[in-house]
Amino acid sequence: MERPRGLLGLGGRLPDSCARLVLGAGLVCALLSPLPAKAQLFGGQGGAGQDAASQTAADPNATFFDKAMAWFNPNAAKNQPAVADATPYALTIDVTGDSAAKSAVTDASNLERLKTNAPSGAAGLVRRALADRERIIAALYAEGYYAGRIDITVAGVPADTVAAFDRVEAARKAGDVPVVVKVDTGPQFQFGTVRLVDPAGRPLMDGPSLKAMRLEAGQPAKATLITSAERTITTTLRNAGHPFARVASKDVVADHANRRVDVTYYVDPGRPATFGPFTVSGTKTIKPEFILSRVDIYPGEPYSPERLDALRKRLTAYEIIGSVRFREADRLNAQGQLPIEILVSERELHYVGFGAKYSSTDGSSANAFWGHRNLWGGGETLRLDAQVSWYSEGSDAVPNADPFGYRLAASFSKPGIWTANDDLVAEAAVLREVTDAYVREGVTFTGGVRHRFNEDWSGQVGVDLEQSTVQDYFGTTDPFIAGIPVSLTGDTTDNPLDATKGYKFTATVEPFVAFGDSGAGPVMLKASLSAYHAFDEDKRWILAGRVSAGSLIGPELLDVPAQRRFYVGGGGTVRGIDYQKASPQTPNGIVIGGLSYFTASTEMRIKITDTIGVVPFFDMGAAFASEVPDFSAMYYSAGIGLRYYTAVGPVRLDFAVPLNPPDGSSKYGVYLSLGQAF
């Protein structure tokens, strides 16, 4: 019988190992596995993903569909080093049909990707051409084209003919060997009937919707969606309490007459389960009972991967814990419970580091630190910091003051002082601070108990003590400050230095029992909200915004210690305006600070490459002499930033220009630091 010029065949020929099927008016070829009478186009074991192409090709149980998807994996092809017997070639790729598929075909082609690395001899070129067939098939399937046609010729003959070797040898003597890839995509297929059944063929209970799997009727029948839906199925069932859920097999049938693809998933949900006992392994310096005391999942609770993810997040928040993995038992115990082993990887006990910050408006600083992550085996931490700063402009309020500043601090935390969710935190510091508005030398102490309500929200109650000597425009004072701060914090972001989604919220209420010349009674209120939204899956376009406000209620402005008044201006509030300059001033231009403030910022963080990004931004804000912001004199600035993304976090370089600078302020500001502005 004459071999027809087959769909997705190479040079019109079907390999001898193919089984042929008529599906409507079409013909398909499935390699390596015979096809049952019901016209199974693809099949195989279900799973969350595919192995690399080389591993899949070596698997004797892999079907054509598995191999095609593996070849479509962009990591499967790597540039090869130059060889001595190089055979350069000139490549032409001609795609007809749906032009939208051309880039997919080109991206999948090893002939295109490796054309600068010539293969070895005629055999190397022919092998590369033959390998392109499966890669292009995978690319077409991935976009929903199941009736395509591929012809690949080398030196004018089909690449799968014996004559190809001699023709390549002859052609290479005259220069680059011509290689032509012709692809007719054919029509794009759509999803038809999609069913989820158990191994007995009964409709599956607790399965995901077609919308959740992205397999709704009438949508393009992309093969990548068919495979990714398996993960959605198993994830949905695991979240419903079935830890051993798996896709046992699938039937994918292409109906060429109607240009549709019908899919049937055979799903084994496994037995429903509850959590069993937890055990701990991998600890070195941390006590296993420390881990177990923080497991808030009890035997008999319904199994839930979300609960495990929340536990992992909670445990890795402790500095000593580097990573947490859960090893689930391969069977339920006699009570129908699933035992789970917590595998802990610890970080190094000690660490050292340093940092630096430059600003043309705020002054520059450098700091070094040393830390211990697990003092006594219960996750206790100690960190020592030493910072030096240089306010090169000098203080306007104290013009003869030395611009040199410093800060020596020790911070300590002890987890679980009452319950696993209650931590003791404390910090003591000796410092000298130089700003436009004041120069301060003193000792501070803050401490309190932090309680975690859930994974995102926590509250803290503590004490705030300070004894300082402060010089400002009005003279020298020695204020003693004692407050009782109560704060609420929420954080749903994905990265503390480079958030791409979620929000951060902080709010503090601090009544003072001693507040310098104001005495007892004043209350400080302040709050800040930041939000982040990525517009694309690759998180290359991120909109970030922040709004903050605060107020001191009760005292007169000049009765408030200078270091506790509110100031706006500089890299942390309104970039481009000198540090503290967007604040109330004396008639001769000396900054004195305010009783309230308001600031807002917005940025569009755009990644140009994986390591380089640009950030246009707009800031606004001011401090006010009144207890409540009256917005009588707002300041605005705009600018552009450059980001260099590292494994630690982005390096930030911002250039800002004030749109209505206050008198005496600079005309621009430059800021360099690690991490985003907010």
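Applying the side chain to side chain donor-acceptor pair (under 3.5 Å) test to pairs two or more places apart or on separate chains, those with a residue in residues 513-532 are Ser528-Ser548. Residue pairs that meet the side chain to side chain donor-acceptor pair (under 3.5 Å) test with at least one member in residues 589-601, sequence neighbours left out, are Ser601-Asp619.
Across Arg440 and Leu431, no two heavy atoms sit closer than the pair NE-CD1, 3.7 Å.
The aromatic rings of Phe275 and Tyr303 are tilted relative to each other, their planes meeting at an angle between 30° and 60°. Taking the six-membered ring where tryptophan is involved, the planes of His372 and His350 are perpendicular, since the angle between them exceeds 60° and thus also 30°.
When the salt bridge (charged side-chain N to carboxylate O under 4.0 Å, His left out) test is applied to Asp538, no partner is found at least two apart in sequence or on another chain. Residues satisfying the side-chain contact (heavy atoms from CB on, under 4.5 Å) test with Ser345, not counting sequence neighbours, are Ser323. Annotation: salt bridge (charged side-chain N to carboxylate O under 4.0 Å, His left out) contacts of Asp402 (sequence neighbours excluded): none. Residues that satisfy the salt bridge (charged side-chain N to carboxylate O under 4.0 Å, His left out) test with Lys313, not counting sequence neighbours, are Asp456.
The shortest distance between side-chain heavy atoms of Ile297 and Leu308 falls below 4.5 Å.
Under the 6.0 Å distance and 45° angle rule, Arg432 does not count as a cation-pi partner of Phe404. Annotation: cation-pi pair Arg575/Phe617 present, NZ/CZ under 6.0 Å from the ring centroid and within 45° of its normal.
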Apply salt bridge (charged side-chain N to carboxylate O under 4.0 Å, His left out) to Arg452 and Asp422, showing your working.
-> CA-CA 7 Å; Arg452 281 184 294 276; Asp422 300 312; over 6 Å; no

Step by step, would you call Tyr636 with Ile577 a side-chain contact (heavy atoms from CB on, under 4.5 Å)?
-> CA-CA 9 Å; Tyr636 306 90; Ile577 293 178; over 6 Å; no

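Close placement of the Tyr318 and Phe290 rings is indicated, their centers lying within 6.0 Å of each other. For Tyr668 and Phe655, the distance between ring centers is under 6.0 angstrom.
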